[in-house]
Amino acid sequence: MPLYLHNTLTRQKEEFQPLDPGNVRMYVCGPTVYDYAHIGNARPAVVFDVLYRVLKALYPTVTYVRNFTDVDDKINAKAKATGEEIGTITARTTEAYLEDMGALGVLEPDVQPRATQHIAEMIAMIETLIEKGHAYAADGHVLFSVPSMPDYGQLSRRNRDELIAGARVEVAPYKKDAADFILWKPSEPDIPGWDSPWGRGRPGWHIECSAMRAKYLGETFDIHGGGLDLIFPHHENEIAQSRCASGTAFFARYWVHNGYLTVEDEKMSKSIGNIVTVRELRGDVPGEAIRYALLAGHYRQPLNWSSAHLREAKTALDRLYTAVRRGLSVDEDIAPADDVPFEVLAALEDDLNTPLAFAHLHELATTANKAKTDSQIVAATEKLLAAGRLLGLLGEDPESWFRWQPEGEQAGLSDAEIDALIEARRDARHAKDFAEADRIRALLTEAGIVLEDGPQGTSWKRG
Ligand code: ZN
C-alpha cells in the first residue's frame, strides 16, 4: 500500500507523492543547543527517525536534513548566566544531543547544518526579500512585511487578530505592522554578531531554517516536520520567507507535526521543575525503552510521560528480547530478514501507526515463541528482527539487554558480584548445603536478579 501522511496544511491524511521519487527530501527543525535534550525534544527526533526509516524502505534515496540552532538568545542568556563561552556551550550540547539521540536509536540525518555556518545564506535571502518588497530595514533591524503576502497564515489558519495575539509581538517603534516579524536584529558588542548591510547583528530564528533548507533541499521539497508547537509562528514564518524569496506557489508539500508531551499530566517547565532529560532517563533504563515509550502512542496524539509508562515499555521489550534470545540459542548468526514483514510496514505506511506496528511486533514474538522446530524458530526470529530494525528496536544483544544495569544508588549488584554469588551457590549445592544455596538464591532474587538454571549451567538477568 502507498504511504499516507497527515498533512497539517490540508488537515487531512493524504497519499504521499514525492516531487522526485528518485530523491525524497525531508527537513525537520532541530534543537537549539544550550542544554541537555529533554524528553519533549526527543519525541520529534524519534518520530521523524521512524518516518526516515520508512521512506528509506520505500525509496532509493532520501535526503534528510535536521539543523542545529547554535545562535539564539537562549544560548546568549545561558552564557551570561554561567560565564561559559558560547562556542563551548553549543559544541558540548551538540555532542550531548547526538549521543543521547544515538542511545535512542535515532539515525543521524544526511545533513546536519549549523546556523552559524550559514549566515551568508541568511543575509542573501534577506536581501532578496527586501528587493522583492517583502521586507524592510529599520533601526538596525530587518522585518518581514506580513501584509506584503496576501495568503499569509495558511498553515496555522489564524485570523489577523489571532496572529497578532499569538505572535506575542512586542510593541516596537520600527515595526510597520504589528504582525511583522524579525529577520535580522542588531547585536550588542558582548553577544555574537556578523557584519551585514544593516550593521553588525544576528539572524532571527525563522530565517535560519529557511536558509539552511534552501541550500540543501532546494526551493520546494517533500516533507517538513517538527512539533505541533512550531506551527505558529515558526513554520508559518518559514513558509512566508521561503515562498516570498523564491516566488514559488508552495514550499513543503507535506507538513507533519507530532503532538504535545506532558510529564505526569503537567506541562514540562523550568518553573515547575519537572523537566525530564534524556540523560537522566538513560541512567534508569536502556535507550531503547525510552524510544519504545515515545512510540507506543500515535505521534499525533498528546503523550503523557510517566515512570509507569516507561516501565511498561521496558517490560514489553523484555518480552521481545526473550524471543530474540531463544532464536539466538538456535542460531547465533541470526540476522534480520531482508524483507520487512508486510503487516508492520503497512501499519507504518498508514500515517506512522506505531501502536499497530507494535501490536504486530508482539504477534511476531508470539509466533517465534510458539515455533517448535529450529528452522521455524530461526525464520520467525529473522522476521521479528526485520520488523524491529524498521522501528529502530531490537538492535541490542539480548544478553547485554538483560544484564543492563541502572546507574547510581539503584544500580544494585555488579556483574562480578552476581557471578561470584552464583558460583558460591553452585559450590553450596555440590556440598549438598541446600539451605545455603537457597539463601543465596533468595539474596539474588531480592536484588532483582533472575536465575535460569539450564543444561549449560546457570544464566542470569536483571529483572
Ligand atoms: Zn525550523
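These figures come from a predicted structure and were not determined experimentally. Just so you know, ligand 1 is whichever comes first in the structure, and atom 1 is the first atom listed for that ligand.
- Looking at residues two or more places apart in sequence or on another chain, you find a side chain to side chain contact (heavy atoms under 4.5 Å, CB included) between Asn159 and Asp161, Glu162.
- Glu238 contributes atom OE2 as its closest N/O/S atom to the Zn ion (ligand 1).
- Electrostatic pairing of Arg279 and Glu99 counts as a salt bridge here, judged by a charged N lying under 4.0 Å from a carboxylate O.
- Listed by first and then second residue, the side chain to side chain donor-acceptor pair (under 3.5 Å) pairs that reach into residues 22-37 are Asn23-Thr63, Tyr27-Asn67, sequence neighbours excluded.
- Between Asp49 and Arg291 a salt bridge is recorded (basic side-chain N to carboxylate O distance below 4.0 Å).
- For His234, the nearest N, O or S atom to the Zn ion (ligand 1) falls under 2.8 Å.
- At a cut-off of 2.8 Å, Cys29 is counted among the residues with an N, O or S atom near the Zn ion (ligand 1).
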